[in-house]
There are 2 protein chains.
Amino acid sequence: MGVVRKTQSVSLVLDAFNAENKAISVIDLVERFSDKINKTTVYRVLDRLEDDGVLHSFLGVNGIKWYAPCKGCSEHKHTDVHPHFQCTDCGKIDCLNVDITIPNLPNREVAGAQVLIQGKCEACCN
Amino acid sequence: MGVVRKTQSVSLVLDAFNAENKAISVIDLVERFSDKINKTTVYRVLDRLEDDGVLHSFLGVNGIKWYAPCKGCSEHKHTDVHPHFQCTDCGKIDCLNVDITIPNLPNREVAGAQVLIQGKCEACCN
DNA sequence: TATATTAATGCAACTAAGTTGCAAATATAC
DNA sequence: GTATATTTGCAACTTAGTTGCATTAATATA
Ligand SMILES: [Zn+2]
Ligand SMILES: [Zn+2]
Ligand SMILES: [Zn+2]
Ligand SMILES: [Zn+2]
């Protein structure tokens, strides 16, 4: 499963993530490639890249889907969390390299967590 | 702002939350009141109840909107977090009464966070 | 209690994100 | 170079949520 062939669409999408070191929303990708890649294809390429462990996805505010490159972040222990930070000013999202430990919950079995921290990013703090 | 009048729709919605002590998705509410309240009205009633501090909203998996009653949980400090737990088996979401402290992020200004923990709920753990 | 005022509702039409089926195009294997 | 299987584009669809506007219902006032 995942990416089997190195097609033009795959290259274009990967180039986008290599160029800027941050998360990119699907909406943004669909828009910026609108004259090169069909909307459906963008969704499918991202899907395959995620299956392949090249990208990971998560939801930003308003439930919009974002993708970011994986840097071995897919092999965390299940109670550790890879949080994301979304700037309320510029909208940018970064992967955070800190671990947030979820406390043990009595009578529950924790399998994972999604943490979205909101605030002002470095650039917007001045 | 918020709820000004105690209408039939407001009573029906509040009754639903009083009857079961858990979060309810908007989709569920729209569906279960489909013969009594118009879809648009459901959305607007929930909006007003949230403005009024009666309910709070958050996103479950797939970015679907959920609401739950507020129990003074709207007056937390901004670095403390009121997390939610969604069961991967039955889909139920509960508000968690634990505080997850977000670490200080250098050069960033944290304003809040959304934490969705996933796993098996008490009922589904057996 | 009747009337005026304003908020709330229903409806239909719309938007936006994401999905599906299928035929045509393209990458890889042989 | 040809065969095979994957990928793509397109159009049509689905689903969650929103908007404008005319009608209805709740509250205030007399
Ligand atoms: Zn910023
Ligand atoms: Zn990330
Ligand atoms: Zn459960
Ligand atoms: Zn809650």
Side-chain angles (χ1 to χ4, degrees), chain A residues 1-17 23-68 84 86 91-93 114 116, chain B residues 1-17 23-68 84 86 91-93 114 116:
Chain A
M1 304 100 220
V3 174
V4 183
R5 298 184 180 183
K6 279 174 192 165
T7 66
Q8 265 187 25
S9 307
V10 169
S11 301
L12 281 169
V13 169
L14 286 180
D15 286 353
F17 282 101
I24 313 179
S25 75
V26 178
I27 293 176
D28 185 351
L29 287 167
V30 167
E31 167 60 24
R32 78 167 75 172
F33 290 127
S34 60
D35 54 342
K36 301 219 167 122
I37 316 177
N38 181 271
K39 174 174 75 155
T40 310
T41 303
V42 174
Y43 278 99
R44 291 195 274 221
V45 164
L46 293 169
D47 240 37
R48 273 180 281 142
L49 288 170
E50 183 166 32
D51 275 1
D52 244 38
V54 178
L55 302 177
H56 63 282
S57 74
F58 56 93
L59 300 178
V61 286
N62 305 121
I64 287 170
K65 207 168 189 181
W66 291 69
Y67 281 86
H84 295 97
Q86 181 155 28
K92 188 182 74 164
I93 301 190
Q114 296 167 31
L116 182 68
Chain B
M1 306 97 215
V3 175
V4 184
R5 298 182 180 183
K6 280 175 191 164
T7 66
Q8 266 186 26
S9 307
V10 169
S11 301
L12 282 170
V13 169
L14 287 180
D15 286 352
F17 283 101
I24 312 178
S25 75
V26 179
I27 293 176
D28 185 353
L29 287 166
V30 167
E31 168 59 24
R32 77 168 75 173
F33 289 128
S34 60
D35 54 342
K36 301 220 168 120
I37 316 177
N38 181 272
K39 174 175 74 156
T40 310
T41 303
V42 174
Y43 278 98
R44 291 197 274 223
V45 165
L46 292 170
D47 239 37
R48 274 180 280 143
L49 288 170
E50 183 166 33
D51 275 0
D52 245 39
V54 179
L55 302 177
H56 64 282
S57 73
F58 57 92
L59 300 179
V61 287
N62 303 121
I64 286 170
K65 206 168 189 182
W66 291 69
Y67 281 87
H84 295 98
Q86 181 156 25
K92 187 182 74 164
I93 300 190
Q114 296 167 30
L116 182 68

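So that the names make sense, note that chain A is the first sequence line, chain B the second, and so on, each numbered from 1.
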### Message
Once you apply a heavy-atom cut-off of 4.0 Å, does Lys39(B) come out as touching a base, just sugar-phosphate, or nothing?
### Response
base
#### Entry: From dG9(D), dG10(C), dG18(C), nucleotide with atom closest to Tyr43(A) side chain
dG18(C)
### Query
Between dA16(D) atom P and Lys65(B) atom NZ, what is the distance in whole Å?
14 Å
### Query
Tell me: CD of Gln8(B) to P of dT27(D), nearest whole Å?
12 Å
### Message
I'd like to know if Arg44(B) reaches the base of dG10(C) with its side chain, counting only an N/O donor and acceptor under 3.5 Å.
### Response
yes
## Note on the structure
Judged by nearest nucleotide, the residue sitting upstream toward the 5' end of DNA chain D, Ser9(A) or Val26(B), is Ser9(A)
### Message
Please evaluate residues Asp52(B) and Arg48(B) with respect to the criterion salt bridge (charged side-chain N to carboxylate O under 4.0 Å, His left out), reporting the C-alpha separation (whole Å), side-chain torsions for both, the decisive distance (0.1 Å), and the verdict.
### Response
CA-CA 6 Å; Asp52(B) 245 39; Arg48(B) 274 180 280 143; over 6 Å; no
### Query
Within this structure, what is the NZ-to-C1' distance between Lys6(A) and dT6(D), rounded to whole angstrom?
15 Å
### Query
Taking CZ from Arg5(A) and P from dT4(D), how many angstroms apart are they, rounded to a whole number?
13 Å
### Summary
Correct closest heavy-atom pair for Ser9(A) and Thr41(A) would be OG-CG2, 3.8 Å
## Note on the structure
When every non-hydrogen atom of Phe33(B) is compared with those of Leu12(B), the smallest separation belongs to CZ-O, 3.5 Å
### Query
Is the backbone of Thr40(A) close enough, under 3.5 Å, to the side chain of Asn38(A) for a donor and an acceptor to pair up by distance?
yes
### Query
When the distance from CG of Leu29(A) to C1' of dA17(C) is rounded to whole Å, what number comes out?
14 Å
### Task
Look at the side chain of Gln114(B) and the backbone N and O of Leu59(B), then say whether any donor-acceptor pair between them is shorter than 3.5 Å.
no
### Between dA17(C) (C1') and Leu59(A) (CG): distance, integer Å
12 Å
### Of Ile27(A) and Lys36(B), the one whose closest DNA chain C nucleotide lies more 5'
Lys36(B)
### Task
Would you indicate, yes or no, if dT7(D) has its OP1 or OP2 atom less than 4.0 angstrom from a side-chain nitrogen or oxygen of Arg48(A)?
yes
### Query
Quick one: is dA25(D) close enough that its OP1 or OP2 comes under 4.0 Å of any side-chain N or O from Thr7(B)?
no
### Message
Rounding to an integer number of Å, can you tell me how far Asp35(A) CG sits from dG9(D) P?
### Response
11 Å
### Task
Assign Thr40(B) to base, sugar-phosphate, or nothing according to its heavy-atom contacts below 4.0 angstrom with the strands shown.
base
## Note on the structure
Comparing Gly63(A) with Val42(B), nearest DNA chain C nucleotide closer to 5' gives the residue Val42(B)
### Task
Rounded to the nearest angstrom, tell me the gap between atom CD1 in Ile37(B) and atom C1' in dG10(C).
12 Å
